Amino acid sequence: MKNRDLECGTNKIASLLFSTLALMAHLPTFFPQAAEKSLDGFWQSDGYGLLVQIRGAKMSVSQTTSISCLPWWTAKQSDSSGSKSEVVFKRGDAVIHLTPGSSPDMLIMRESVSISSMELRRVNARPKNCSEKLADTPQNNYAVFWQTFAEQFALFPLYHADWAAIDRKYRPRVTASTTPEELFGILREMILPFHNAHTNINAASINRQYVGYRSASEIGLQLQATSTLSLKEILDLFSQRAQRTRDIIESKYSDAKLRPYCNDVIYFGMLKGSVGYLRILGFDDYTKEGGFEQGGVSLEAALDDIFKDAQQMKGLILDVRINTGGADPYCLAIASRLTRAKYLAYSKVTCNNLSGRLHFTAPQPAWVEVSTRPGYHGKVVLLIGPDTLSGGETFAMALMGRKPKVSAIGENTQGVFSDVFGNRLPKGWTFGLPNEL
């Protein structure tokens with residue numbers, strides 16, 4: 001009798017346990033908020049000075065310094081996602097990916113065109129300096145410009161620049177009666193000594209634009225001589241020089257006309273002596289539509305065609321002497337066609353302290369993976385020069401670890417490897433600076 005009672009009791013306990021486990025399994029259905037914490041609220045980036053607000057399907061991003069908070073861009077949540085744990089937002093062609101961080105109050109944000117990501121930390125409320133709109137005065141525009149460089153520019157030690165001393169020199173010159181033209185001249189003069197092509201000022205309201213291009217080439221000399229060129233006119237300078245050098249290659253060294261790929265940004269042909277010649281003018285705008293994902297498809301198809309007869313090449317020349325940069329993932333995609341073994345391309349860090357001695361985020365490595373698609377693994381020569389900048393330079397860096405070793409020939413490049421950190425002023429002007437190493 002006791003055994004029977006024990007058996008019944010055991011069955012009841014097992015049944016109760018099973019029911020409890022079943023109920024627990026369904027709790028996320030009954031209480032979804034408990035299973036998955038809402039992303040709604042405010043998030044602050046580690047470095048970059050960004051405040052991200054998520055409210056339902058809308059993401060709003062503001063740029064902050066210790067004295068300012070200016071709205072930057074908005075994005076809407078997309079139905080597509082790479083995995084169950086990923087949330088995707090879109091703003092135009094840009095795709096922003098959010099994935100879980102190391103805790104429920106941490107997120108990782110990455111834009112498709114970048115190989116690096118930024119860490120977001122949940123904050124309880126909007127910072128105090130975001131509660132009021134900053135007035136559009138000459139003094140406020142100057143202050144935001146100076147403060148953003150003070151908190152984000154990572155290269156002061158490299159240039160041996162005393163930014164506080166520069167402030168003492170120029171701030172007194174800015175008054176309530178300073179004209180926009182005068183303000184533009186002051187801001188330009190402050191950063192001119194850097195000659196850094198990733199520093200820029202776009203004052204659209206007065207048709208002025210400054211690009212800190214090093215004057216080591218014909219293009220550089222023209223850019224330093226004037227601030228009235230539009231972006232289209234600047235790009236035309238590169239196009240004209242690219243056409244001249246292409247004419248030389250085709251008339252003196254190539255067996256035939258170079259074949260265009262990727263919206264005429266990439267060219268390929270065979271030179272005399274069975275040497276392949278791959279000319280890359282940039283790492284973006286690979287389709288007329290301009291989308292990053294479509295550009296990647298176009299690039300991979302081009303590389304398939306270029307390397308389909310790679311066994312006939314006795315060598316390969318990569319020409320990035322005129323290269324305006326672009327998306328690092330495209331750089332790595334090309335490098336992946338040239339290796340049989342995975343290797344480290346480079347690592348990136350970002351300045352993440354507001355004052356004092358520079359402090360940086362944890363390094364983020366970028367790897368050159370081995371592609372299973374057609375490629376070339378023989379001798380490679382890389383042509384570089386003073387009109388190689390940004391993505392053209394990270395591409396050169398990504399080839400340094402390749403085996404067999406790539407031989408680089410040419411002149412010093414512009415020396416700008418960081419992404420351009422875009423900012424805006426109360427006046428609506430935009431400016432850029434490098435904040436990564």
Side-chain angles (χ1 to χ4, degrees), residues 241-287 294-324 326-343 345 367-385 387-388 391-411 413:
R241 184 166 174 80
Q243 184 60 52
R244 291 201 300 270
T245 56
R246 177 184 163 195
D247 290 342
I248 293 172
I249 294 294
E250 290 181 336
S251 63
K252 293 187 176 183
Y253 304 104
S254 177
D255 290 333
K257 293 286 186 180
L258 300 177
R259 300 197 304 270
Y261 294 91
C262 298
N263 199 27
D264 296 345
V265 180
I266 292 177
Y267 289 83
F268 178 78
M270 294 298 295
L271 305 184
K272 297 169 183 177
S274 299
V275 175
Y277 174 78
L278 181 57
R279 176 186 178 87
I280 308 169
L281 300 177
F283 295 97
D284 55 10
D285 293 331
Y286 284 168
T287 64
Q294 298 93 321
V297 172
S298 176
L299 174 61
E300 295 293 358
L303 296 175
D304 286 346
D305 189 62
I306 289 169
F307 292 124
K308 64 183 179 182
D309 298 319
Q311 67 278 6
Q312 299 178 12
M313 297 183 198
K314 294 182 180 179
L316 175 65
I317 295 174
L318 301 172
D319 190 348
V320 292
R321 288 174 297 174
I322 302 170
N323 186 293
T324 55
D328 287 337
Y330 291 167
C331 306
L332 298 180
I334 298 175
S336 73
R337 299 294 189 107
L338 305 174
T339 184
R340 287 194 175 98
K342 176 180 176 179
Y343 64 89
W367 296 89
V368 176
E369 304 283 351
V370 179
S371 175
T372 58
R373 300 171 76 155
Y376 175 77
H377 307 113
K379 295 179 180 179
V380 174
V381 171
L382 178 69
L383 304 183
I384 56 175
D387 294 320
T388 306
E393 296 176 279
T394 57
F395 176 64
M397 185 182 293
L399 295 176
M400 293 178 67
R402 178 189 184 265
K403 294 180 180 180
K405 182 179 175 65
V406 173
S407 299
I409 298 176
E411 302 174 76
T413 61

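Sequence positions, counted from 1, serve as the residue numbers for this chain. Keep in mind that this is a model prediction, so the values were computed, not measured.
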How long is the straight-line distance from CG of L383 back to CG of N323, given to the nearest 0.5 Å? 12.0 Å
Pair E393-T413, side-chain donor/acceptor within less than 3.5 Å: yes
Which of parallel (below 30°), tilted (30 to 60°) and perpendicular (above 60°) describes F395 and F283? tilted
Go through the structure and list residues passing side chain to side chain donor-acceptor pair (under 3.5 Å) with K308, not counting sequence neighbours. D305
For Y277, which residues count as a ring pair (Phe, Tyr, Trp, His ring centres under 6.0 Å) partner, sequence neighbours excluded? none
Which residues share a side-chain contact (heavy atoms from CB on, under 4.5 Å) with R340, sequence neighbours left out: H377
Distance from L258 atom CG to D264 atom CG, nearest 0.5 Å? 11.5 Å
Pairing residues for Y267 by the ring pair (Phe, Tyr, Trp, His ring centres under 6.0 Å) criterion, not counting sequence neighbours: none
Only counting residues at least two apart or in another chain, list the ones meeting salt bridge (Lys or Arg N to Asp or Glu O under 4.0 Å) with D304. R337, R373
Exercise: identify the closest heavy-atom pair between A242 and L281: CB-CD2, 4.0 Å
Check D387 with R321, please: is the shortest side-chain N to carboxylate O separation under 4.0 Å? no
How many angstroms lie between atom CD of E300 and atom OH of Y330, to the nearest 0.5 angstrom? 10.0 Å
Partners meeting side-chain contact (heavy atoms from CB on, under 4.5 Å) with T324 (sequence neighbours left out): F238
Determine whether V380 and L318 satisfy the following criterion, side chain to side chain contact (heavy atoms under 4.5 Å, CB included), listing intermediate values before the conclusion. CA-CA 7 Å; V380 174; L318 301 172; 3.7 Å; yes
So, using salt bridge (Lys or Arg N to Asp or Glu O under 4.0 Å) as the criterion, who are the partners of K314 when residues are at least two apart? none
In the structure I gave you, are the side-chain heavy atoms of L278 and I266 within less than 4.5 Å of one another anywhere? yes
Of all heavy-atom pairs linking V320 and G392, the shortest is CG2-O, 4.4 Å
Is the shortest heavy-atom distance from the side chain of L271 to the side chain of D255 under 4.5 Å? no
Who passes side-chain contact (heavy atoms from CB on, under 4.5 Å) against M400, sequence neighbours left out? M397
By side chain to side chain donor-acceptor pair (under 3.5 Å) - contacts of D328 (at least two apart): T394
Less than 4.5 Å apart, any side-chain heavy atom of L382 and any of V406? yes
Looking at every heavy atom in both A302 and C262, which two are closest together, and how far apart are they? CB-SG, 3.8 Å
So OG of S336 and OH of Y343: to nearest 0.5 Å the spacing works out to 9.0 Å
D247 side, atom CG; I249 side, atom CD1 - distance, nearest 0.5 Å: 10.5 Å
Between M270 and M313, does a side chain to side chain contact (heavy atoms under 4.5 Å, CB included) hold up when you go through it step by step? CA-CA 8 Å; M270 294 298 295; M313 297 183 198; 4.2 Å; yes
What pairs with T245 under side-chain contact (heavy atoms from CB on, under 4.5 Å), at least two apart in sequence or on another chain? R279, I322
Answer yes or no: is there a donor N or O on one side and an acceptor on the other, between the side chain of T388 and the main chain of G385, under 3.5 Å? yes
Partners meeting salt bridge (Lys or Arg N to Asp or Glu O under 4.0 Å) with K342 (sequence neighbours left out): E369
Which is it for V265 and I280 under the side chain to side chain contact (heavy atoms under 4.5 Å, CB included) test, yes or no, and what are the steps along the way? CA-CA 6 Å; V265 180; I280 308 169; 5.5 Å; no
Given the rule in the side chain to side chain contact (heavy atoms under 4.5 Å, CB included) test, do L316 and L338 qualify, once you have shown the distances and angles that lead to the verdict? CA-CA 10 Å; L316 175 65; L338 305 174; 3.9 Å; yes
Heavy-atom pair with the smallest gap, counting every atom of A310 and G375: CB-O, 3.3 Å
Give a yes or no on whether the ring-centroid distance for Y261 and F268 is below 6.0 angstrom. no
State the OH-CG distance between Y286 and L299, to the nearest 0.5 angstrom. 5.5 Å
Please report the shortest heavy-atom distance between A345 and V368, naming the atom on each side. CB-CG2, 3.8 Å
Going by the side chain to side chain donor-acceptor pair (under 3.5 Å) test, which pairs reach into residues 395-411, not counting sequence neighbours? none
